[in-house]
Amino acid sequence: KEIARQSQVRIELDENALPIQPAVAGACALLERMRRHAQGQGTALIGEVTEGPPGQVHLRTTIGGRRAIEMLAGEQLPRIC
């Protein structure tokens, strides 16, 4: 969301393409597990920059819908990237 706002673009993410293993699905609400090291050998394309109202991010859901991604409210987690 921050990237879309700062870059004045709209981003649409594909939930089906998010690289989340079943064993860590519950923890993904808080953390996204790093892909088995070796410089991220298991990376995946999870979205694209599209035309549209700037600063928006949308998620294509696994059931075929779309939902807006909003900024986090309250205290943000420390960044590791």
Side-chain angles (χ1 to χ4, degrees):
K1 181 74 176 186
E2 290 172 292
I3 293 170
R5 261 192 193 168
Q6 291 173 357
S7 301
Q8 293 294 294
V9 298
R10 179 177 177 267
I11 297 173
E12 188 162 308
L13 302 174
D14 186 351
E15 187 173 19
N16 287 322
L18 293 173
I20 301 170
Q21 298 177 13
V24 298
C28 285
L30 300 174
L31 301 171
E32 181 179 341
R33 181 176 174 187
M34 295 290 195
R35 304 295 278 173
R36 288 191 166 81
H37 194 49
Q39 305 301 320
Q41 66 183 11
T43 60
L45 179 63
I46 63 166
E48 61 186 341
V49 174
T50 62
E51 290 189 35
Q56 293 185 358
V57 177
H58 289 98
L59 176 72
R60 287 189 299 263
T61 67
T62 57
I63 61 170
R66 283 200 169 102
R67 70 180 177 99
I69 302 296
E70 300 298 335
M71 292 296 290
L72 293 175
E75 191 69 26
Q76 300 219 5
L77 296 174
R79 296 180 184 266
I80 60 170
C81 57

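Note that these values count all heavy atoms, side chains included, but never hydrogens, waters or copies made by symmetry. In this text, all values refer to a predicted model and were calculated from it rather than measured experimentally.
- Between the NE2 atom of His58 and the CG atom of Asp14 there is a distance of 14.5 Å, given to the nearest 0.5 Å.
- Within a 6.0 Å radius of CD1 in Ile3, other residues, nucleotides and ligands contribute 12 heavy atoms or fewer.
- Taking all atoms of both residues into account, the shortest heavy-atom contact from Asn16 to Thr61 is ND2-O, 4.3 Å.
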Discussion item. Quick one, Glu15 with Arg60, criterion side chain to side chain contact (heavy atoms under 4.5 Å, CB included). Give me CA distance, side-chain angles, the key distance, then yes/no.
Written reply: CA-CA 6 Å; Glu15 187 173 19; Arg60 287 189 299 263; 5.8 Å; no
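- Glu51 CD: 12 or fewer foreign heavy atoms inside a 6.0 Å radius.
- Expressed to the nearest 0.5 Å, how far CD of Gln56 lies from CD1 of Ile11 amounts to 11.0 Å.
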